[in-house]
Amino acid sequence: ILKLGYHTFFDKISIDISGALYLQSNQKILSNQSRIKQTKPDTEIFNCEEKVNVSIKGFILEGLKTDYDYNKASNSKSVGVFCYKAKKVNIEKNIFRNFTYAAVSGLRELDHFAFKFNRVENEFTEDWAKIAPGKKDNAGIAVGGKNIVVFQNYFQNSSQGILIAENSE
């Protein structure tokens, strides 16, 4: 659990992690292009599930790239940020690389979600699609809820790009 303070700054560092970093309500985490790479399969980097007023800005987040499981699909935690049922989430000026489900996942009950000025860059090749049986679907982001803003982002090599669940506002 990230409890270093409610406004936490990461200078330019590079770390590999093997678990999730759990954010708190009213927490802003800021970075000067710190690189965090996930080494554990089916595990998010940042978890802000059911939290309120969270900001994530300026990181380079990298997924494992090889942990795709089609049977989990929308329940997968192979993501950079997992924000199910979160409120007032701002994700800005980050680079997301090679998350096998999505850079950000929050398919239900998000409220006031903003995804601005981010880059989602995937290196998935045709060989990636042959890792395991089944279809390989990769979303840039997969979110749902109300008051969703997706503004001036760049998506590269994503089969679905922006996925916003039906009945979202």
- In this structure, CD of E121 is separated from CZ of R97 (nearest 0.5 Å) by 5.0 Å

- Task: Can you see which heavy atom on G58 is nearest to which on S31, and at what distance?
- Result: O-OG, 3.2 Å

- Message: So which atom in V120 and which in G140 form the shortest heavy-atom distance, rounded to 0.1 Å?
- Response: CG1-CA, 4.0 Å

- Task: Could you point out which residue of F82, Y84, Y101, F99 forms a side-chain contact (heavy atoms from CB on, under 4.5 Å) with K77?
- Result: F82

- Show your working on side chain to side chain contact (heavy atoms under 4.5 Å, CB included) between F9 and K57 and close with a plain yes or no. CA-CA 10 Å; F9 180 77; K57 183 177 180 180; over 6 Å; no

- Quick check: does any side chain N or O of S168 sit under 3.5 Å from a backbone N or O of G144, one acting as donor and the other as acceptor? no

- Query: Does L21 share a hydrophobic cluster with V89, counting links as ILVMFWY side-chain heavy atoms below 4.5 Å and allowing steps through other members?
  - Reply: yes

- Item | Shared hydrophobic cluster for I164 and V149 (ILVMFWY, side-chain gaps under 4.5 Å) | no

- Note on the structure: The reported gap from NZ in K116 to CG in N90 (rounded to nearest 0.5 angstrom) is 4.5 Å

- Task: Might you point out which heavy atoms bring K12 and Q33 nearest each other, and give the distance in Å?
- Result: CG-O, 4.1 Å

- Of all the heavy-atom pairs spanning N94 and I56, show the shortest one and how long it is. ND2-O, 3.1 Å

- Quick one: closest heavy-atom pair of A102 and A142, and the distance? CB-N, 4.2 Å

- Looking only at heavy atoms, the pair that brings G80 and L61 closest together is O-CD1, 4.3 Å

- Item | Gap between atom CG of L64 and atom NZ of K40 - 0.5 Å precision | 11.5 Å

- Identify whether the distance between the nearest side-chain nitrogen and carboxylate oxygen of D16 and R35 falls below 4.0 Å. yes

- Message: Applying a strict under-4.5 Å side-chain criterion to I, L, V, M, F, W and Y, I'd like to know whether F46 and V54 cluster together.
- Response: yes

- Within-4.5 Å side-chain heavy-atom neighbours: E62 and N98: no

- Using atom types as modelled and distance alone, determine if a side-chain donor or acceptor of Q38 lies under 3.5 Å from a backbone N or O of G19. yes

- Spell out, yes or no, whether I162 and F113 are grouped together once hydrophobic residues are joined by side-chain heavy atoms under 4.5 Å, including indirect joins. yes

- Query: Are more than 12 heavy atoms from other residues, nucleotides or ligands located less than 6.0 Å from atom NZ of K88?
  - Reply: no

- Task: Over 60° means perpendicular and under 30° means parallel, so classify the ring planes of F10 and F59, tilted if in between.
- Result: perpendicular

- Query: Say you draw a straight line from CG of D11 to CG of L30; how long is it, rounded to the nearest 0.5 Å?
  - Reply: 12.0 Å

- Kindly work out whether a path of hydrophobic side-chain contacts (I/L/V/M/F/W/Y, heavy atoms less than 4.5 Å apart) joins F96 to I13. yes

- Query: Is any side-chain heavy atom of C83 closer than 4.5 Å to a side-chain heavy atom of V104?
  - Reply: yes

- Rounding to 0.5 Å, atoms CZ (F117) and CG (N153) come to a distance of 8.5 Å

- Roughly how far, to the nearest 0.5 Å, is the NE2 atom of H112 from the NZ atom of K146? 8.0 Å

